[in-house]
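Report on the following structure.
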Amino acid sequence: MVTALAPFSSPPNPDEFRLLVWKTVQQIPPGCVSTYGQIARMIPAPGGISGDSYRSLGPRWVGGAMAACPQGVPWQRVVNSQGKISLRGESAVHQKELLEAEGIEFSPAGKIDLQRFGWQKNINKSTLRFPGF
DNA sequence: TCCTTGACTCAGA
DNA sequence: CTCTGAGCCAAGG
């Protein structure tokens, strides 16, 4: 079955790619967020896909995978590169509530500071603090 | 068949 | 900070 999602084109092996996305997202700890682009970069480009193509399509494929996210995957911890929620309508509100419940803070403009709450942030920075802690 | 619409990102203005 | 356009591709009205 071809799945009911409609990402911008699909990777060579849609099912396998989505599985990798979900597995990666499951590794995001509570109180942290990641981005579609970051998830994409953590997954190697499928065979036959050039680095350039993957750079522009990857994030969208991740978005497509998230649209069909199964239970048990912290989908709410994935936001766009600007640190803002990409969903619209009710879902967006729900996502914001779930994240706030984990201790994540939003700016007045509805943006998350990825330097503070981003997953695997710069450990080089002298300030070692755990997200949401 | 044409046009719109996606859980994206980046560079500009 | 907000808005636009480009890059990319397919399904549905």
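Note that this is a predicted model, so its numbers are computed, not measured. Per chain, numbering begins at 1; letters A, B, ... match sequence-line order.
Identified under the ring pair (Phe, Tyr, Trp, His ring centres under 6.0 Å) test for residues 63-98 of chain A, with sequence neighbours left out: Trp75(A)-His94(A).
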Can you list, pair by pair, the side-chain donor-acceptor contacts under 3.5 Å of residues 44-51 of chain A, counting residues two or more places apart and other chains?
from	atom 1	to	atom 2	distance (Å)
Ser50(A)	OG	Ser53(A)	N	3.1
Ser50(A)	OG	Ser53(A)	OG	3.0

Problem - Per-nucleotide protein contact string for nucleotides 7-13 of chain B, where B marks a base within reach and S marks sugar-phosphate only (heavy atoms under 4.0 Å, - for neither) - result: BBSS---
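With P as the reference atom, dT4(B) and dG5(C) are 13 Å apart, rounded to whole Å. With both ends at atom P, the span from dG7(C) to dA7(B) equals 22 Å, rounded to whole Å.
Here Glu16(A) pairs with nothing under the salt bridge (charged side-chain N to carboxylate O under 4.0 Å, His left out) rule; sequence neighbours left out. Residues satisfying the salt bridge (charged side-chain N to carboxylate O under 4.0 Å, His left out) test with Glu105(A), not counting sequence neighbours, are Arg116(A). In this structure, Trp22(A) has no ring pair (Phe, Tyr, Trp, His ring centres under 6.0 Å) partners at least two apart in sequence or on a different chain.
Going from atom NZ of Lys84(A) over to atom C1' of dC3(C) covers 11 Å, rounded to whole Å.
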